[in-house]
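Comments concern the structure below.
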Amino acid sequence: MASERIRDLLARERAGGEVIVEGWLRTARHAKGRSFLDLVDGSCGSGLQVVAEEDLAGYEQEIRPLRTGAAVRVRGELVDSPGRGQRYEVRAREVEVVGPAGPDYPLQKKRHSFEFLRTIAHLRPRTNTLGAVFRVRNAAAMAIHQWFQERGFLWLHTPIITTSDAEGAGEMFRVTTLDLGEPPRDPEGRVDERADFFGRPAHLTVSGQLEAEIGALSHGRVYAFGPTFRAENSNTARHLAEFWMVEPEMAFLELDGLMDLAESFLRDLMGRLLEECAEDLALFDQRIAPGLLARLEEVASKPFARVAYGEAVEILARSGRRFEHEVALGADLKTEHERHLCEEHFRGPVIVHDYPAAIKAFYMYLNDDGRTVRAMDVLVPGVGEIIGGSQREHRHDVLLDRMRACGLDPETYWWYLELRRFGSVPHAGFGLGFERFVQYLTGMANIRDVIPFPRVPGFAEF
RNA sequence: UCCGGAAUAGCUCAGUCGGUAGAGCAGGCGGCUGUUAACCGCCGGGUCGGGGGUUCGAGUCCCUCUUCCGGAGCCA
C-alpha cells in the first residue's frame, strides 16, 4: 500500500479507509492512555493529527518518547475527528519510528527568529513559515514558466559561464582552473590567461539578456530563467550574490508593448498565485505581513500607473517632501524617491519610463531627443524596483556610438553588433528578480529567507 | 563599502544608578488531561561574542575585533 500526502488526505470528501502517512512531528502531546502526534510532510501548511492509543504495539518504548522532529510512518484509519481544531485525524494501527530526534533538536514549537533559522538552513524548511515560502517559490516558478509557455515563449538556456568581460550589471565572479598560488606566467611575468580553461578570462553570468536577444531574433519570443551572480559587496535585505532572474526578450516589440507585457505578466501571476497558494498566502497575511492579501488582490485587479521619468521628477519636486538625496533632472531615482512614488503618490505599482541615457546601459534604445532611452522600471510598494527593462538599440551605428561613449570595446561584443547587421528588428525585454518577486508575494522582509540557500558576502554555508 | 543598532541559558528575551545574573519556552523528574504551539509542580542549565582598558568592583562605562540586524550606495 502506497503512502499518501497530507494535502490530499485533507482534501478528501469524507473520512474512512486505511491510509499510510509519512512525515515529521511538529509536536507530540502525550496524554494519559494515548498520544496526539501532529504530523507534517511538507505537502501543505496544515498538519495531520495522529492519535495513538496505549494498546498499540511498542507504545511505551517507541511512541511515548516521540518528540518534535522525529520522522514516522503511520498506518491507520482516516476518521472524523471528535476533537476541535481539525476535520480529520488518523487513528493509528501502527506507528513506525523511522528516524527519531533527540532532545537537542534545534527547532521548537514556538517562534524562532529568522536570523537563527538562517544558521540552520538544513532544518528551517521544516518550519511553518519557511515551508510555506518554499512552496510559494515553487508555485511561482512554475506559474512563470506556464505564463510564458502559454504565450509561445521559448525557454532559452543561457550560459552560466560567460566570457563577455563586462555587461555593465555589476562585479563578476571569476571562474578559473588556474593554480592561484602559482599561476602560469607569460614572458613578461604576467598571469597567462591563455593557459586558463577557456583560453581567456571567464566569469559567472550577471544576466542572460545579451544571449536572450540572440534567441529573440531567431524565435521571436524567448525567456531566460536561471541563476545569476553578482560579486557586489551588497549587504541589504534585497540583494543576494546568487539569485534567479526571469528575462523575457521579444522581437518586433517596442517600449509601450514591453510595459504592457510586464504589467500583464505581474498581474496575471498575482491572480493565479492568489488562487494556487491560498493557504500559504493566508499564513503570510496573518503572521508576516498584515494586509498582504488585499495588496496582492489590488495589484491583480488594477492597472499600473505609468509615468515618464521627467514627470516623475516633477511629482517628487512638487511633493513638498524633504529627501535625503536631492531630486534633480538627469540624476537617477534613489530608493527613497521610488518608494515615495509607489507607496505614497500612486499607492500601488508604478512604471517609470524614458530615463536619461546618461544613467542607463549602452544597449537601450536612444530616443529621437538624443537624451533619453526607452527604459522602464516597475516599482512596487515594499520591495521597490522589481522589474527593469528596455527596448534594445537595434540600429547598428547608434549602438556602436553608444558602446564607444560608454567606454566598451566593440570587439568584445562583435556578435552582439552583428545581430544588428543581419535582419535586425526592434526588440525589447525585461529582467525580474525572482527572489524579489517571491518577497513581494510573501511579504518576507529579508531576501535571504525566500531562497533555500542564500549566498551573500561572507556566507555560503550549506 | 558607509551610517546606525545589537550580541546575556539550547531558543525568545529582561537585567534599573557599575555591586559577579532572571523569566518564558525547550530539557529532566512527577502529576493531570480527547489533547490543540495543552496544563500544573519540582529540578538541572551561563567564561554575559573575542581581546584590551577604566574602576575597590564591569553584563552594565571606554577602545578594538568578529558576527548579525536595520538603513544607504550598487542593483534585480
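Labels below follow one simple rule: chain letters A, B, ... track the order of the sequence lines, proteins then strands, and each chain is numbered from 1. Side-chain atoms are counted along with the backbone in the values below, which use heavy atoms only and exclude waters and symmetry mates. Please read these numbers as outputs of a predicted model, since none were measured by experiment.
Residue contacts shown for A:S234 include a base, since a base heavy atom lies under 4.0 Å away. Counting non-hydrogen atoms under 4.0 angstrom, A:R339 reaches nothing in the nucleic acid. Within 4.0 Å of A:F116, counting heavy atoms only, lie sugar-phosphate atoms of the nucleic acid but no base atom. Looking at heavy-atom distances under 4.0 Å, A:I386 makes contact with sugar-phosphate atoms alone, never a base. Counting non-hydrogen atoms under 4.0 angstrom, A:Q439 reaches nothing in the nucleic acid. Here A:R84 lies in heavy-atom contact (under 4.0 Å) with a base. As judged by a 4.0 angstrom heavy-atom cut-off over every strand, A:Q108 is placed among the base-contacting residues.
A donor and an acceptor atom sit less than 3.5 Å apart, one in the side chain of A:Q86 and one in the base of B:rU36. Side chain A:E89 to base B:rG34: a donor-acceptor pair is found below 3.5 Å. Contact of A:R111 with B:rG24 (side chain to base): no donor-acceptor pair of N or O atoms is detected under 3.5 Å. For a distance-only test at 3.5 Å, the side chain of A:H112 fails to qualify as a donor-acceptor partner of the base of B:rC11. Counting distance only, with no hydrogens placed and no angle test, the side-chain atoms of A:Q49 and the base atoms of B:rU35 include a donor-acceptor pair under 3.5 Å.
Comparing B:rA58 with B:rA21, their P atoms sit 12 Å apart, to the nearest whole Å. Taking atom P in both B:rG22 and B:rA6, one finds a spacing of 24 Å when rounded to whole Å. Going from the P atom of B:rU47 to that of B:rA72 covers 37 Å, rounded to whole Å. Straight-line distance between the C1' atoms of B:rC3 and B:rC48: roughly 27 Å, to the nearest whole Å. Rounded to a whole angstrom, the distance from the P atom of B:rG59 to that of B:rU12 is 23 Å. The separation of B:rA23 from B:rA9, taken at their P atoms, amounts to 14 Å, rounded to a whole angstrom. Using atom C1' as the reference point in both B:rG19 and B:rG57, the two lie 7 Å apart (nearest Å). For B:rG24 and B:rC39, the P atoms lie 12 Å apart once the distance is rounded to whole Å.
Salt bridge annotation for A:R91-A:D80: absent, with no cationic side-chain nitrogen under 4.0 angstrom from a carboxylate oxygen. In summary, A:R374 and A:E393 do not engage in a salt bridge, as defined by a charged side-chain N under 4.0 Å from a carboxylate O. Ionic pairing of A:R272 and A:E276 is not present here: no N-O contact between side-chain nitrogen and carboxylate oxygen is shorter than 4.0 angstrom. Salt-bridge formation is not detected for the pair A:K334/A:E324: no Lys NZ or Arg NE/NH1/NH2 atom is positioned less than 4.0 Å from an Asp or Glu carboxylate oxygen.
With contacts defined as side-chain heavy-atom distances shorter than 4.5 Å, the pair A:W244/A:R137 qualifies.
Checking the phosphate oxygens (OP1, OP2) of B:rC74, a side-chain nitrogen or oxygen of A:K334 falls inside 4.0 Å. The side chain of A:N235 contributes no N or O atom lying less than 4.0 Å from OP1 or OP2 of B:rC69. For B:rA38, the OP1/OP2 oxygens have a side-chain nitrogen or oxygen of A:R29 closer than 4.0 Å. Within the 4.0 Å cut-off from OP1 or OP2 of B:rG34, not a single side-chain nitrogen or oxygen of A:S81 is found.
Checking A:F243 against A:R67, the closest nucleotide of RNA chain B that is more toward the 5' end is the one next to A:R67. Of the residues near RNA chain B, A:W244 and A:R448, the one whose nearest nucleotide (by heavy atom distance) lies more toward the 5' end is A:R448.
Whole-Å rounding puts the A:D377 CG to B:rC74 P distance at 13 Å. Spacing between atom CG of A:L240 and atom P of B:rC74 amounts to 18 Å, rounded to whole angstrom units. Rounded to whole Å, the distance from CD1 on A:I447 to C1' on B:rC74 is 14 Å. Across the protein-nucleic acid pair, A:N233 atom CG and B:rC3 atom P stand 14 Å apart, rounded to whole Å. In this structure, A:H325 atom NE2 and B:rC75 atom P are separated by 13 Å, rounded to whole Å. The CG atom of A:D80 sits 15 Å away from the C1' atom of B:rG34 (whole-angstrom rounding).
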(request) Walk me through it: do A:W155 and A:H157 pass the test ring pair (Phe, Tyr, Trp, His ring centres under 6.0 Å)? (result) CA-CA 6 Å; A:W155 182 20; A:H157 302 112; 4.4 Å; yes
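Side-chain polar atoms of A:E89 and A:S81 form a donor-acceptor pair below 3.5 angstrom.
In this structure, B:rG45 forms no base pair with any nucleotide, since neither Watson-Crick nor G-U wobble geometry is met with both distances under 3.5 Å. In this entry B:rC56 has B:rG19 as its Watson-Crick or G-U wobble partner, both defining distances falling under 3.5 Å. Using N1 to N3 plus N6-O4 or O6-N4 for Watson-Crick, or N1-O2 and O6-N3 for G-U wobble, each under 3.5 Å, B:rA72 pairs with B:rU1.
With A:R124 contributing its side chain and A:P452 its backbone, the two residues share a donor-acceptor pair below 3.5 Å.
For A:H239, taking side-chain heavy atoms from C-beta onward, the closest of the listed nucleotides B:rG34, B:rC74, B:rG70 is B:rC74. In this structure, of B:rU1, B:rG70, B:rG73, it is B:rG73 that holds the atom nearest to the side chain of A:T236. Comparing B:rG73, B:rG27, B:rU12 by their closest approach to the side chain of A:P103 singles out B:rG27. For A:T335, the side-chain atoms get nearest to B:rC75 when compared with the rest of B:rG70, B:rG28, B:rC75.
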